[in-house]
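Report on the following structure.
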Amino acid sequence: MTLRELHERARKTLDPVVYDYVAGGAGEERVLAANERAFDDYALLPRVLRGSAVRDTAVDLPGAPRTAPVFVAPTAFHRLVHPDGELATARAAAAEGAVLVTGTAATTAVREVVAAAREAAPDPAVWFQLYPHPRGEVTAALVRRAEDAGCTALVLTVDSPVFGRHARDLRNGFTDLPPGYAAENMRDLPGAPPGGLLDIPMSPEAGWAHLAELVRGTALPVLVKGVLHPDDARQAVEHGAAGIIVSNHGGRQSDAVPAAVDCLPALVDAVAGRVPVLLDGGVRRGSDVAVALALGARAVGLGRPVVWGLAAEGEAGVRRVLATLRDEYDHTLALCGGRRNADLTADMVVAKGGAR
Ligand SMILES: Cc1cc2nc3c(=O)[nH]c(=O)nc-3n(C[C@H](O)[C@H](O)[C@H](O)COP(=O)(O)O)c2cc1C
Ligand SMILES: CC(C)CC(=O)C(=O)O
């Protein structure tokens, strides 16, 4: 089954309101559409007579040595789409050797998520995503939970000073979690009520000091997610980021930003190899992975496709999504005359219709 078919199955399975929450984007969904379309505008110029029957696609990421080049981006509320929720996602990602980013908005506590990943693989990499919180003690408590659970990196999402305006959710009246679901990591935190969508902090006044404080307060590497401007990538590195995730939140925050992959080259330049640059948004095929890696990304994240796999088939569906992308990417690498990711170089990426 292709990713497209899994998406279709998920659409048929899900409550339409939940489907819209996952599928939707901000505003007129221009950025949502642009993320995928941007990949359509790139083509790959293969190199010939230099390939290998054995290819090595593993990458080193912070807190995740020798991992898959495709990771599971943080997406909220997995129990809304499948009763096994984040436990299924964790087992699937671990079994496929992919980093799982769980986070503040998970409907399963991070301790249980890491335990599930460890059932599926001896040394899984689970990262924990959080937003800058106005109260330092809340951030500190979340970080302790992630550390105690065994997470190997933190991800600070910085593209959400305010929550995006999701037209579908506003139309559907979906503005908080239904009864019976909670953001489990938010339970019993100092001064924070448990755990609906409205309790998840967004802090319009967060600054670079928040990042520096987070970095100082943990031994874990901290990646910064949601960077689009090259100067912000430089600032993030200067404030201690161990990695940059180029992302427009899957078109769910500003509806006026460029497609994620179109921002990638400038950020790769700005970071100049000091830390790995990752990307998410619109990745749907192995060739999209190849384009992003050729343009300088160390790895790429999948948001919605993982949720569709989970909704359609639970753990097996998430495994299928990750395995499909891995196989397609490996095949593309072979067709491009590559034996390792570094054999994909920026000169091999051209605009559709010709060399640039
Ligand atoms: C339903 C949903 C929930 C999301 N929740 C979060 C979140 O809690 N934290 C976060 O940093 N990003 C969140 N994102 C953004 C993803 O991490 C990622 O940036 C985006 O989905 C990538 O685009 P793609 O869906 O086209 O693969 C969410 C995305 C979706 C679709
Ligand atoms: C609970 C929200 C903060 C999750 C999110 O980031 C999103 O829906 O895009």
Side-chain angles (χ1 to χ4, degrees), residues 3 7 10 14 17-26 29 31-39 70-81 85-86 89 99-107 110 127-133 142 154-166 168-170 174-177 181-186 195-203 223-228 245-255 257 259-261 263 278-285 288-289 292 300-311 321-322 325:
L3 294 202
H7 180 172
L14 287 172
V17 172
V18 172
Y19 175 81
D20 271 353
Y21 167 65
V22 177
E29 304 190 337
V31 176
L32 173 67
N35 276 347
E36 285 188 29
R37 209 174 44 229
F39 281 107
V70 177
F71 67 94
V72 178
T75 47
F77 314 143
H78 289 186
R79 287 184 52 228
L80 276 187
V81 306
E86 287 83 1
T89 321
V99 171
L100 166 71
V101 191
T102 189
T104 310
T107 41
V110 59
W127 297 352
F128 189 84
Q129 176 270 330
L130 65 173
Y131 294 94
H133 194 282
L142 276 173
L154 301 175
V155 174
L156 184 69
T157 298
V158 294
D159 60 14
S160 306
V162 292
F163 195 54
R165 288 219 168 98
H166 301 173
R168 299 195 209 196
D169 296 344
L170 296 171
F174 185 78
T175 51
D176 203 350
L177 274 168
Y181 298 93
E184 293 295 338
N185 295 309
M186 296 298 288
L197 197 142
L198 302 178
D199 302 322
I200 291 174
M202 310 258 161
S203 177
L223 294 93
V224 178
K225 172 173 183 279
V227 181
L228 298 176
I245 306 181
V246 179
S247 171
N248 55 35
H249 214 109
R252 296 163 74 84
Q253 287 296 114
S254 169
D255 197 31
V257 292
V261 67
C263 296
L278 287 62
L279 168 123
D280 72 31
V283 174
R284 301 292 179 264
R285 300 165 295 215
D288 301 341
V289 181
V300 297
L302 295 180
R304 294 177 185 83
V306 166
V307 183
W308 303 143
L310 178 63
V321 167
L322 294 171
L325 260 282

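Sequence positions, counted from 1, serve as the residue numbers for this chain. Both ligands and their constituent atoms are indexed starting at 1 by order of listing.
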Atom indices of ligand 2, in the order listed, that fall short of 4.0 Å to a heavy atom of [X]:
{"X": "Ala76", "value": "4 (C)"}
{"X": "His249", "value": "5 (C), 6 (O), 7 (C), 9 (O)"}
{"X": "Tyr131", "value": "3 (C), 5 (C), 6 (O)"}
{"X": "Tyr21", "value": "4 (C), 7 (C), 8 (O)"}
{"X": "Phe163", "value": "2 (C), 3 (C)"}
{"X": "Phe77", "value": "1 (C)"}

Original post:
So is Ala105 polar-close to ligand 1, meaning N/O to N/O under 3.5 Å?
Top reply: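 No - when backbone and side-chain N and O of Ala105 are compared with those of ligand 1, no distance drops under 3.5 Å.
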Nearest-contact summary for [atom] - protein heavy atom, Å:
{"atom": "atom 15 (C) of ligand 1", "answer": "His249 CD2, 3.5 Å"}
{"atom": "atom 1 (C) of ligand 1", "answer": "Arg252 NH2, 3.4 Å"}
{"atom": "atom 12 (N) of ligand 1", "answer": "Lys225 NZ, 2.9 Å"}
{"atom": "atom 9 (N) of ligand 1", "answer": "Tyr131 OH, 3.0 Å"}
{"atom": "atom 6 (C) of ligand 1", "answer": "Pro74 O, 3.2 Å"}
{"atom": "atom 21 (O) of ligand 1", "answer": "Gly303 CA, 3.6 Å"}
{"atom": "atom 26 (O) of ligand 1", "answer": "Arg284 NH2, 2.7 Å"}

Original post:
Would you say Asn185's side chain and Ala105's backbone share a donor-acceptor pair under 3.5 angstrom?
Top reply: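 The answer is no, because no donor-acceptor pair under 3.5 Å joins these two groups.
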Consider ligand 1: state whether an atom of it lies below 4.0 angstrom from any non-hydrogen atom of [X].
{"X": "Asp280", "result": "yes"}
{"X": "Phe77", "result": "no"}
{"X": "Gly281", "result": "yes"}

For [X], the ligand 1 atoms whose distance to one of its heavy atoms is below 4.0 Å:
{"X": "Thr157", "answer": "10 (C), 11 (O)"}
{"X": "Tyr21", "answer": "1 (C), 3 (C)"}
{"X": "Gln129", "answer": "7 (C), 8 (O), 9 (N), 10 (C), 11 (O)"}
{"X": "Ser247", "answer": "19 (O)"}
{"X": "Val22", "answer": "1 (C), 31 (C)"}
{"X": "Ala76", "answer": "3 (C), 4 (C), 5 (N)"}

Side chains of [X] and [Y]: donor-acceptor distance under 3.5 Å anywhere?
{"X": "His78", "Y": "Thr107", "value": "no"}
{"X": "Ser247", "Y": "Asp280", "value": "yes"}
{"X": "Asn248", "Y": "Asp159", "value": "no"}
{"X": "Gln129", "Y": "Thr157", "value": "yes"}

Original post:
Parallel, tilted or perpendicular: which describes the rings of Tyr19 and Trp308, with under 30° parallel and over 60° perpendicular?
Top reply: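 Rings of Tyr19 and Trp308: parallel, as their planes differ by under 30°.
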Original post:
Should the pair His166 and Tyr21 be assigned to parallel (<30°), tilted (30 to 60°) or perpendicular (>60°) ring geometry?
Top reply: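 Ring orientation, 0 to 90° scale: tilted.
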**OP:** Using the side-chain contact (heavy atoms from CB on, under 4.5 Å) rule, take Trp127 and Leu154 through it: C-alpha gap first, then chi angles, then the decisive distance, then the call.
**Re:** CA-CA 6 Å; Trp127 297 352; Leu154 301 175; over 6 Å; no
Subject >> Salt-bridge present (Glu36, Arg284; N to O < 4.0 Å) >> reply: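 Salt bridge present between Glu36 and Arg284.
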Does the side chain of [Y] come within less than 4.5 Å of [X]'s, by heavy atoms?
{"X": "Val155", "Y": "Ile245", "result": "yes"}
{"X": "Val246", "Y": "Leu228", "result": "yes"}
{"X": "Phe77", "Y": "Leu177", "result": "yes"}
{"X": "Lys225", "Y": "Pro74", "result": "yes"}

**OP:** Check step by step if side-chain contact (heavy atoms from CB on, under 4.5 Å) holds for Glu29 and Arg168.
**Re:** CA-CA 10 Å; Glu29 304 190 337; Arg168 299 195 209 196; 2.9 Å; yes
